[in-house]
Peer 1: 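Okay, handing you the structure first.
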Amino acid sequence: MMNRIALLASLLLRVVTLHVCLSHAHSNSTAEALALLDWKASLLSLTNRSVLPSWTVSSRNAEASPCSWFGVHCKGDSVYRINLTSYGVKGTFHAFPFSSLPNLKELDLCINGLFGTIPPQINQLSNLTYLDLSYNQLYGIIPPQIGQLIHLRTLHLIQNLLNSSIPEEIGQLKSLEELSLQNNYLNGSIPSSLGNLANLTYLYMLNNSLSGNIPSEIGNLSSLQELYIDINQLTGSIPSTFRNLKHLRLLNLSTNSLSGSIPSEFGHMESPNELALFKNNLSGFIPPSLGNLTDLTVLQLYENKLFGPIPEELGNLKLLVFLEMSQNQLNGSIPSSFANLSNLETLFLRDNQLSGPIPQEIGNFMKMWMLELDGNQFTGQLPQNICRGGTLEYFIANDNHFRGPIPKDLKNCSSLKRVRLERNRLTGNISEDFGVYPSLKFISLSDNDFYGEISPQWASCNNLSSLQIARNNITGRIPPELGNSAQLQALDLSSNHLVGEIPKELTKLTSLTRLILSGNQLSGGIPVEVGSFSQLEYLDLSANRLSQSIPETIGDMLKLYYLNLSSNNFSLGIPRQIGKLVQVNELDLSHNVLSGEIPTQIQSLQSLSTLNLSYNNLSGNITFFNELRGLVQVDIGHNELEGPVPDVPAFQNASIQALEGNKGLCGDVSGLKPCKLSKNGHHKLLYATMFPLLGAAILSIAILALFFGFKKQGKDADEESENTMINENLFAIASFDGKMLYAEIISATNNFDSQCCIGEGGYGNVYRAELSSGDIIAVKKVHPQRADEVRAAKEFQNEVMAFIDIRHRNIVKFYGFYWSAEQSFLVYKYLEKGSLATNLSNEEAGKELDWDKRVNIIKGVAHGLSYLHHGCSPPIVHRDLTSNNVLLNLEYEAHISDFGLAKLLNPDSSNWTNLAGTYGYIAPELAHTMKVTEKCDVYSFGVLIMEIIMGTHPGDLISTLPSSSLEKQLLVKDVLDQRPLPPSPDVQDQLMSVMKIAFMCLTHNPHSRPTMYAVSLLLAN
């Protein structure tokens, strides 16, 4: 009986104990659930979906467990892991329930929208072993309290906005195996305490602003396998203690200002003066001790300040696969020990001062696929077995002093994709020493001593996009078979001894963008099929023996921005179709025998900045050049031109040499006789001075009436007859009854109903109006409550006056205005795709904006701004360049709009103003100088480039950084908008160039920014 009682008592005790334990467990689980729900309540979603929908309980008072929630993992009934990677949550980290999750070991919140600082309360997660907060927008400091997470094995804070120094306390994380801090704005020195992390295997601190020396204590990390400290501002030497990193496989110290160290064997010099002198001269040496790191497979030291010879000891790195030491000041020769690097696949030594011959053993590397030796002073012959392994794809050896034949096996190296051997002293028969390369995309053999004839076999390189053999001793004819190279985009055969006619078969190259055949002995005419070059941007046929007339079809090359036909024997007149080349920036027809009058259609070339028509037989007057206000440089000397010199800066500032040799030119220009006015001339002068004085209203209404009057009459006259109509009807048009037009606009917009509104301008709403003629226009109506203010502030007049004389393909076309006491509005051409801002903010439109379109938009804005700054007199500063004020037509061509804040710069005034513009685009100097210059627009243009590339406004990313470090902080691959398809390698190179231009424009010192004319030229090349 007693045994039964004892047994029952024991069972009862166990039940009670179990009940208490279960109750306690449910209590903990519920507490964790409620704490997580509190954090959820503070979060937003980056998408349209609800935030963490599975995180819910039926009642706040009910017992609940989070263990079935998305991203939450439990052991027992307690949360030990939370993983919300790339789930699209947005909010601060401060509301996270640190103290309520005592058993949490793994926390992964990477690739989300977390912002704000990392709270010091993170130390309450005392059992944490894994923490990943990468790819968010966290800023501020890394809290020192993070050093209390002594069980942490992984710490990832990649690509945030952290901008402090690395805390010394991280050195307390003795269990740490991975530390990733790259792509932030961390500054200061690398803490020596990192040397305490004996278990550290991976250390990534690249792409920050770290400075000072690399601490020698890093050499204590004996377990380290990968070390990336590239793209920082580190100085000093590479620590000799690195020799202890026996397990290191990847070492990247590139893009810093490291100066190397002195080889230890020179430390025994007896004379202190001798040693000091030696140190001063050799402080840039690469330490030979790196040769001890025999597990290394990747070594990157490029873009530093290293100089002196390459240590022989690097030949000990027999596992090395990738070696790059480019862009230093290394001298001497390539060590013979490099023959031991049999596993080497990539060798980059470009842009140093290396000299001497290349070890022939390099040609024995069976795995070599990329070899870059360009920009040095190498001599002797190239290795003759460079493609022995059959894997070589990139062979870059340009800008050296190599002489003799090319490698013997290059002819059969079918793996080649890119070859650059230009600017050497190489010799050989161009038709015999090269073969057929099925994968070849680019080859440049220019500036050598190759001879022979161009082989038709080049047409069999099916992927070839660029063939450059300029400035050699090539003879014979251009093979017509080249017309079958469908992928060819650039062909440069200039400065050789080519003869015969330009094969008409070349016009089948519809992808061609650059064709340079200048400096040969080509004869005959330009093939009439030249209009098939629909993508051609650059055409140079100068310095040949070409004759006949310039074909009218040349006007069909609508993308041409450079055209040079000079120093030939072209005769007859300049075809009027040349006026269709509206993108042309430089035009040279000099030194021919062209005759007749210059066609007036040339005034359509609003992008033209350089014009040379000298040494021809051209006649007639040139007053229509008054329309080309974008001209910067002009030469019309030695023709038969007459009449007054145009009143535009390019002519008024031209030297007498650019105007002399004409029989009747006159004007108020140094070296020319003044014009004698006839009675008719007095009338012309009267009109010329009278019309501007009529004011903005008459001229604008005239333009408006002209446009709609001609549209209604349905006329389809050519450009010349249309110009005649303008001159004949100007006074009749000036008396046009504006009431009819006003009534039609009111009707078309339903009295400016909101349903017709398509956006807001700087000081009014913009409406779409379809007129009875079928024409669609955009009407900007000034806000009624601001009408008096606008007139008082001259903003309305500014926009009118700014637009009256502007004629440029990249500036929105202005038709006129209506102005009364009751209401005022401006009338523009309607652009179908709307604003750039609208397209960038829309998901589908963002995908449609591919990288070619985006680059063209950037170019278009640059050309338009260049015209405003340098083609208008006085110059016009837009002052409010934003993505909202860039409009796109159906072809996604950019048009600058909204000149409500535009300022006409008076060279004699200080241009002081009130701060105006849109936040995020305003140049930093305006905040304290209040002085408007063209450089204010240049800064805004830099912001706009970044916005187009990133797909969104860069925000504080620009303003919080010193501009000198921008290029190091931002990489194209890191900031590209992910919506369009990835850019091709060629387009990515172009985007890198565009970003470099953006960095120049974003320089804080306005005097260091380029002019928009320079930017326009850079983008055109």
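For reference, positions follow the sequence shown, starting with 1. Note that these values count all heavy atoms, side chains included, but never hydrogens, waters or copies made by symmetry. What you see is a predicted model; the values in this text were computed from it and never measured.
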Peer 1: Can you check side-chain contact (heavy atoms from CB on, under 4.5 Å) on F322 and E345, steps first, answer last?
Peer 2: CA-CA 6 Å; F322 189 106; E345 298 177 5; over 6 Å; no

Peer 1: Can you pull the disulfide bond (SG atoms under 2.5 Å apart) pairs that have at least one residue in residues 120-202, sequence neighbours excluded?
Peer 2: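 Listed by first then second residue: nothing to list.
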
Peer 1: Do the side chain of S940 and the main chain of I922 share a donor and acceptor less than 3.5 angstrom apart?
Peer 2: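 No; zero donor-acceptor contacts below 3.5 Å.
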
Peer 1: Carefully, step by step, assess N213 and T235 under the rule side-chain contact (heavy atoms from CB on, under 4.5 Å).
Peer 2: CA-CA 5 Å; N213 295 343; T235 55; 3.8 Å; yes

Peer 1: Mind checking what makes salt bridge (charged side-chain N to carboxylate O under 4.0 Å, His left out) contact with R81, not counting sequence neighbours?
Peer 2: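 Here the qualifying residues are E106.
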
Peer 1: Roughly how far apart are Y202 OH and L227 CG, rounded to 0.5 Å?
Peer 2: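 One gets 13.0 Å once the value is rounded to the nearest 0.5 Å.
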
Peer 1: Under a 3.5 Å distance rule, please check whether N256 uses its side chain to pair with a backbone N or O of N232 as donor and acceptor.
Peer 2: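 Side chain of N256 to backbone of N232: a pair is present.
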
Peer 1: By side chain to side chain contact (heavy atoms under 4.5 Å, CB included), which residues pair with P119, not counting sequence neighbours?
Peer 2: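 Per chain and number, P119 pairs via side chain to side chain contact (heavy atoms under 4.5 Å, CB included) with F93, H94, F98, Q121.
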
Peer 1: May I ask you to decide if E168's main-chain N or O and S193's side chain share a donor-acceptor pair within less than 3.5 Å?
Peer 2: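 Here the side-chain-to-backbone pair exists.
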
Peer 1: Where is the tightest heavy-atom contact between L248 and E226, given as atom of each residue plus distance?
Peer 2: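 Residues L248 and E226, closest heavy atoms: CD1-N, 3.8 Å.
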
Peer 1: Check whether N842 reaches the backbone of L840 with its side chain - one donor and one acceptor, N or O, closer than 3.5 Å.
Peer 2: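 No, because the side chain of N842 does not come within donor-acceptor range (under 3.5 Å) of the backbone of L840.
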
Peer 1: Output side-chain donor-acceptor pairs under 3.5 Å for residues 135-145, partner residues at least two apart or in another chain, one line each.
Peer 2:
{"residue": "N136", "atom": "OD1", "partner": "N112", "partner atom": "N", "Å": "3.2"}
{"residue": "N136", "atom": "OD1", "partner": "G113", "partner atom": "N", "Å": "3.3"}
{"residue": "N136", "atom": "OD1", "partner": "L114", "partner atom": "N", "Å": "3.0"}
{"residue": "N136", "atom": "ND2", "partner": "L109", "partner atom": "O", "Å": "3.1"}
{"residue": "N136", "atom": "ND2", "partner": "L133", "partner atom": "O", "Å": "3.0"}
{"residue": "N136", "atom": "ND2", "partner": "S134", "partner atom": "O", "Å": "3.0"}

Peer 1: Of all the heavy-atom pairs spanning N184 and L161, show the shortest one and how long it is.
Peer 2: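 Result for this residue pair: OD1-N, 3.4 Å.
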
Peer 1: Compare every heavy atom of N163 with every heavy atom of N187, then report the nearest pair and how far apart it is.
Peer 2: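 Looking at all heavy atoms of both residues, the closest pair is ND2-O, 3.1 Å.
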
Peer 1: Find the distance between OG (S257) and CD (Q233) and round it off to the nearest 0.5 Å.
Peer 2: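 Here the interatomic distance stands at 7.5 Å.
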
Peer 1: Closest approach of P311 and P288, non-hydrogen atoms and distance?
Peer 2: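 Answer, listing the atom of P311 first, then P288: CB-CA, 4.0 Å.
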
Peer 1: Do side-chain atoms of T241 reach the backbone of S216 as a donor and acceptor pair under 3.5 angstrom?
Peer 2: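 Answer holds: yes.
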
Peer 1: Roughly how far, to the nearest 0.5 Å, is the CD1 atom of I231 from the OG atom of S209?
Peer 2: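 That separation rounds to 11.0 Å.
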
Peer 1: Listed by chain and number, what are the side chain to side chain contact (heavy atoms under 4.5 Å, CB included) partners of S223, not counting sequence neighbours?
Peer 2: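 With sequence neighbours excluded, S223 shows a side chain to side chain contact (heavy atoms under 4.5 Å, CB included) to no residue whatsoever.
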
Peer 1: Mark yes or no for whether D108, through its side chain, and C110, through its backbone, hold a donor-acceptor pair below 3.5 Å.
Peer 2: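 Side chain of D108 to backbone of C110, a donor-acceptor pair under 3.5 Å: yes, one is there.
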
Peer 1: Run the numbers on L290 and L251 for side-chain contact (heavy atoms from CB on, under 4.5 Å), then give the verdict.
Peer 2: CA-CA 10 Å; L290 290 184; L251 175 59; 4.3 Å; yes

Peer 1: Could you pull out all donor-acceptor pairs under 3.5 Å where a side-chain atom in residues 170-180 meets a protein atom, sequence neighbours excluded?
Peer 2:
{"residue": "S175", "atom": "OG", "partner": "I150", "partner atom": "O", "Å": "3.3"}
{"residue": "E178", "atom": "OE1", "partner": "H156", "partner atom": "NE2", "Å": "3.0"}

Peer 1: Compare all side-chain heavy atoms of L84 with those of F70 and state whether any distance is below 4.5 angstrom.
Peer 2: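 In contact.
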
Peer 1: As a quick check of understanding, evaluate side-chain contact (heavy atoms from CB on, under 4.5 Å) for L194 and I218, giving each step before the final call.
Peer 2: CA-CA 7 Å; L194 293 187; I218 296 293; 4.2 Å; yes

Peer 1: Identify the two heavy atoms, one from R854 and one from G846, that lie closest to each other, and give their separation to 0.1 Å.
Peer 2: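 Minimum heavy-atom contact is NH2-O, 2.9 Å.
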
Peer 1: Which heavy atom of I229 sits nearest a heavy atom of M205, and at what distance?
Peer 2: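 Heavy atoms only, the tightest pair is CG2-CE, 4.2 Å.
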
Peer 1: State which residues pass side chain to side chain contact (heavy atoms under 4.5 Å, CB included) with V72; sequence neighbours excluded, sorted by chain then number.
Peer 2: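 Once residues adjacent in sequence are excluded, the partners of V72 under the side chain to side chain contact (heavy atoms under 4.5 Å, CB included) criterion are W55, P66, W69, C74, V79.
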
Peer 1: Quick check: does any side chain N or O of N160 sit under 3.5 Å from a backbone N or O of L162, one acting as donor and the other as acceptor?
Peer 2: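 Flag not set: sc N160 to bb L162 has no pair under 3.5 Å.
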
Peer 1: Check whether any side-chain heavy atom of Y302 lies under 4.5 Å from a side-chain heavy atom of T255, and answer yes or no.
Peer 2: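 Yes, at least one pair of side-chain atoms sits under 4.5 Å.
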
Peer 1: If you look only at pairs with a residue in residues 233-244, which of them pass as a salt bridge (Lys or Arg N to Asp or Glu O under 4.0 Å), with sequence neighbours excluded?
Peer 2: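 Matches after skipping sequence neighbours: none remain.
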
Peer 1: Counting only N and O atoms by type, is there a donor-acceptor contact under 3.5 Å from the side chain of D38 to the main-chain atoms of L36?
Peer 2: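 Such a contact is absent between D38 side chain and L36 backbone.
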
Peer 1: Do I948 and V994 come close enough that some side-chain heavy atom pair is under 4.5 Å?
Peer 2: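 Answer no - side chains too far apart.
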
Peer 1: For R979, enumerate each residue passing the salt bridge (charged side-chain N to carboxylate O under 4.0 Å, His left out) test, keeping only those at least two apart in sequence or located in another chain.
Peer 2: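 Salt bridge (charged side-chain N to carboxylate O under 4.0 Å, His left out) check on R979 returns D977.
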
Peer 1: Pairs in or reaching into residues 228-256: which pass ring pair (Phe, Tyr, Trp, His ring centres under 6.0 Å), with residues at least two apart or in two chains?
Peer 2: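 Every pair satisfying ring pair (Phe, Tyr, Trp, His ring centres under 6.0 Å) with a residue in residues 228-256: Y204-Y228.
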
Peer 1: With sequence neighbours left out, what residues match K847 under salt bridge (charged side-chain N to carboxylate O under 4.0 Å, His left out)?
Peer 2: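 Expected list: E844.
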
Peer 1: Tell me if a side-chain donor or acceptor on N316 pairs with a main-chain N or O of L314 at a distance below 3.5 Å.
Peer 2: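 It does not hold such a pair.
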
Peer 1: Using the test salt bridge (charged side-chain N to carboxylate O under 4.0 Å, His left out), find all partners of E372 that sit at least two apart in sequence or belong to another chain.
Peer 2: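 E372 satisfies salt bridge (charged side-chain N to carboxylate O under 4.0 Å, His left out) with R350 once adjacent residues are dropped.
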
